S.K.: 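After the structure tokens below, expect a handful of questions from me.
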Protein chains: 2
Amino acid sequence: MAVNTQFSIAVHIMAGLACQRGRNITSATLAASVNTSPSFVRRILAKLSRAGLVETATGKAGACWLAKDAKDISLLDLYAAVDAPKAFSIHNYTEQKACPVSCHIKTALQKALGKTQKAMEASLAGISLAQIVSDVKQR
Amino acid sequence: MAVNTQFSIAVHIMAGLACQRGRNITSATLAASVNTSPSFVRRILAKLSRAGLVETATGKAGACWLAKDAKDISLLDLYAAVDAPKAFSIHNYTEQKACPVSCHIKTALQKALGKTQKAMEASLAGISLAQIVSDVKQR
DNA sequence: CATAACTGTTACTATAATAGTTTCAGAATG
DNA sequence: CATTCTGAAACTATTATAGTAACAGTTATG
């Protein structure tokens with residue numbers, strides 16, 4: 001577990017908020033469900049808040065709730081919000097002038113992997129938070 | 001640079017082999033192009049060899065070469081060969097019995113992310129090593 | 001108005017994946 | 001039989017991430 005799991009935690013959090021809509025939920029409540037510390041939850045929550053996906057209240061009756069309807073939030077929104085790393089990363093190295101592959105592979109890779117990244121994001125865009133919630137409730 | 005770059009290095013290596021087809025290439029030559037150690041190249045090369053994508057010769061005139069035509073090798077083949085990590089990983093946590101989200105989000109996520117992973121792999125399957133090589137040569 | 005309870009943020013530690021190196025046994029060529 | 005390669009194992013260093021702790025700022029409430 002050293003890969004980035006913030007995305008899936010974000011989905012978990014948002015599904016929780018969607019299920020409990022209306023009630024005031026604290027980071028501690030969410031942390032219990034995700035099984036991590038409230039602080040970590042808040043860190044992710046802050047990103048979601050900056051992205052306009054959740055709203056929060058500070059102060060004593062502090063809480064958080066969805067900023068929009070679950071139907072109008074896609075997994076791509078969450079992916080972008082938590083700023084998860086790209087699916088692929090290109091190795092960096094100093095170009096060997098004598099070698100055409102070494103000089104040009106990077107551009108070729110960027111082109112190819114950009115396409116793949118787009119395909120992935122399109123798939124994420126097609127899944128709404130509402131669908132996830134419905135899946136969760138069906139069980 | 002702590003994310004997995006083996007995939008892009010594998011593409012680099014394979015593009016090199018495709019460009020120099022026929023010549024006998026050693027891990028040291030490839031390492032110079034990628035700008036890493038021959039040993040690291042061999043580690044990746046070994047995976048590609050196990051996957052049937054390259055063939056190697058041991059002994060003094062040791063070398064390696066493509067096992068198939070570049071047209072018949074897709075980026076998905078390379079992706080599978082180096083056993084790159086999945087695009088998403090799901091956080092693991094102990095289920096909170098009282099919380100339906102905590103209990104069922106994992107299955108819902110697996111379903112959704114499985115779809116996304118498939119989309120990504122389909123995109124990779126559509127790009128051949130030959131295309132990469134052609135991109136590299138065009139510059 | 002004082003207290004309690006929350007958020008937002010920063011700073012820190014621990015862990016785990018990965019890159020990269022070193023080393024050596026085994027194999028084939030000349 | 002010496003040279004030079006692969007294959008593989010063992011090791012270190014680096015870095016992203018998870019996770020924790022601490023605290024200032026904010027607000028509801030008695």
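Since this is a predicted model, take the numbers as computed values, not measurements. Proteins get letters first, then strands, A, B, ... in listed order; numbering begins at 1 in each.
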S.K.: In whole angstroms, how far is the P atom of D/dA16 from the NE2 atom of B/His91?
M.R.: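 The answer, rounded to whole Å, is 23 Å.
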S.K.: Can you measure A/Lys86 atom NZ to D/dA16 atom P for me and round it to whole angstrom units?
M.R.: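 From A/Lys86 NZ to D/dA16 P: 15 Å.
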S.K.: The criterion is salt bridge (Lys or Arg N to Asp or Glu O under 4.0 Å); which residues satisfy it with B/Asp69, sequence neighbours excluded?
M.R.: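 Checked B/Asp69 against salt bridge (Lys or Arg N to Asp or Glu O under 4.0 Å); matches are B/Arg21, B/Lys71.
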S.K.: To the nearest Å, how far apart are B/Asp83 CG and C/dT18 P?
M.R.: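 B/Asp83 atom CG is separated from C/dT18 atom P by 9 Å.
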S.K.: Quickly work out the B/Ile44 CD1 to D/dT6 C1' distance and round it to whole Å.
M.R.: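 Going from B/Ile44 (CD1) to D/dT6 (C1'), I get 15 Å.
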S.K.: Using residues 106-118 of chain A as the side-chain source, report each donor-acceptor pair under 3.5 Å to any protein atom, sequence neighbours left out, with the distance given to one decimal.
M.R.:
{"unit_1": "A/Lys111", "atom_1": "NZ", "unit_2": "B/Asp135", "atom_2": "OD1", "d": "3.2"}
{"unit_1": "A/Lys111", "atom_1": "NZ", "unit_2": "B/Asp135", "atom_2": "OD2", "d": "3.0"}
{"unit_1": "A/Thr116", "atom_1": "OG1", "unit_2": "A/Ala112", "atom_2": "O", "d": "3.3"}
{"unit_1": "A/Thr116", "atom_1": "OG1", "unit_2": "B/Ser123", "atom_2": "OG", "d": "3.1"}
{"unit_1": "A/Gln117", "atom_1": "OE1", "unit_2": "A/Ala87", "atom_2": "N", "d": "3.2"}
{"unit_1": "A/Gln117", "atom_1": "NE2", "unit_2": "A/Tyr79", "atom_2": "OH", "d": "2.9"}
{"unit_1": "A/Gln117", "atom_1": "NE2", "unit_2": "A/Glu121", "atom_2": "OE2", "d": "3.0"}

S.K.: With a 3.5 Å cut-off and sequence neighbours excluded, list the donor-acceptor pairs that the side chains of residues 44-59 of chain B form with protein atoms.
M.R.:
{"unit_1": "B/Lys47", "atom_1": "NZ", "unit_2": "B/Gln6", "atom_2": "OE1", "d": "2.9"}
{"unit_1": "B/Lys47", "atom_1": "NZ", "unit_2": "B/Val82", "atom_2": "O", "d": "3.3"}
{"unit_1": "B/Glu55", "atom_1": "OE1", "unit_2": "B/Trp65", "atom_2": "NE1", "d": "3.2"}

S.K.: Pairs of donor and acceptor atoms involving the side chains of residues 7-17 of chain B, under 3.5 Å and at least two apart or interchain, shall be tabulated with distances.
M.R.:
{"unit_1": "B/Ser8", "atom_1": "OG", "unit_2": "A/Ser89", "atom_2": "O", "d": "3.3"}
{"unit_1": "B/Ser8", "atom_1": "OG", "unit_2": "A/His91", "atom_2": "N", "d": "3.1"}
{"unit_1": "B/Ser8", "atom_1": "OG", "unit_2": "A/His91", "atom_2": "ND1", "d": "2.9"}
{"unit_1": "B/Ser8", "atom_1": "OG", "unit_2": "B/Thr5", "atom_2": "O", "d": "3.1"}
{"unit_1": "B/His12", "atom_1": "ND1", "unit_2": "A/His91", "atom_2": "NE2", "d": "3.1"}
{"unit_1": "B/His12", "atom_1": "NE2", "unit_2": "B/Ser33", "atom_2": "OG", "d": "2.9"}

S.K.: Report yes or no: does B/Tyr93 contribute a side-chain atom to a donor-acceptor pair with the main-chain N or O of B/Ser102 at less than 3.5 Å?
M.R.: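 Such a contact is found between B/Tyr93 side chain and B/Ser102 backbone.
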S.K.: Mind calculating the distance between CZ (B/Phe7) and C1' (C/dT18) to the nearest angstrom?
M.R.: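 After rounding, the reported distance stands at 17 Å.
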S.K.: Can you measure B/Lys47 atom NZ to D/dT6 atom P for me and round it to whole angstrom units?
M.R.: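 Taking atom P of D/dT6 as the reference, NZ of B/Lys47 is at 18 Å.
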S.K.: Under a 4.0 Å heavy-atom cut-off, which of residues 30-43 of chain B touch DNA chain D?
M.R.: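 Under 4.0 Å from DNA chain D: B/Ser39, B/Arg42, B/Arg43.
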S.K.: Please report, rounded to the nearest Å, how far the P atom of C/dT7 is from the CG atom of A/Asn24.
M.R.: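 After rounding, the reported distance stands at 10 Å.
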S.K.: Please tabulate, for side-chain N and O atoms in residues 35-43 of chain B, each donor-acceptor pair with protein atoms closer than 3.5 Å (sequence neighbours left out).
M.R.:
{"unit_1": "B/Asn35", "atom_1": "ND2", "unit_2": "A/Thr94", "atom_2": "OG1", "d": "3.1"}
{"unit_1": "B/Ser37", "atom_1": "OG", "unit_2": "B/Phe40", "atom_2": "N", "d": "3.3"}
{"unit_1": "B/Arg42", "atom_1": "NH1", "unit_2": "B/Ser27", "atom_2": "OG", "d": "3.2"}

S.K.: Of the nucleotides D/dA18, C/dT7, C/dT9, which has the atom closest to the A/Arg50 side chain?
M.R.: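 The listed nucleotide nearest to A/Arg50's side chain is C/dT9.
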S.K.: At what distance, to the nearest 0.5 angstrom, does SG of B/Cys64 lie from CG of B/Asn24?
M.R.: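 Going from SG on B/Cys64 over to CG on B/Asn24, the span is 9.0 Å.
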S.K.: Under 4.0 Å, counting only non-hydrogen atoms across every strand here, what does B/Ala28 touch: a base, just sugar-phosphate, or nothing?
M.R.: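 B/Ala28: no heavy atom of the nucleic acid under 4.0 Å.
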S.K.: Restricting to side chain to side chain donor-acceptor pair (under 3.5 Å), what partner residues turn up for B/Thr29, sequence neighbours left out?
M.R.: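 Only B/Thr26 meet the side chain to side chain donor-acceptor pair (under 3.5 Å) criterion with B/Thr29.
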S.K.: Phosphate oxygens OP1/OP2 of C/dC6: is one of them under 4.0 Å from a side-chain N or O of A/Ser27?
M.R.: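 Looking at the OP1 and OP2 atoms of C/dC6, neither is under 4.0 Å from any side-chain N or O of A/Ser27.
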S.K.: Pairs under 3.5 angstrom, nitrogen or oxygen only, protein versus nucleotides 27-30 of chain D, please.
M.R.:
{"unit_1": "D/dT27", "atom_1": "O2", "unit_2": "A/Lys60", "atom_2": "N", "d": "2.9"}

S.K.: What is the separation between atom CD1 on B/Ile90 and atom C1' on D/dT17, rounded to the nearest whole Å?
M.R.: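 Taking atom C1' of D/dT17 as the reference, CD1 of B/Ile90 is at 17 Å.
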S.K.: Does the side chain of B/Gln6 get closer than 4.0 angstrom to OP1 or OP2 of C/dT18 through an N or O atom?
M.R.: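 No, because none of the side-chain N or O atoms of B/Gln6 sits under 4.0 Å from OP1 or OP2 of C/dT18.
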S.K.: Could you tell me which residues satisfy side chain to side chain contact (heavy atoms under 4.5 Å, CB included) with B/Ser134, sequence neighbours excluded, listed by chain and number?
M.R.: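 With neighbours one apart ignored, the set is B/Gln138.
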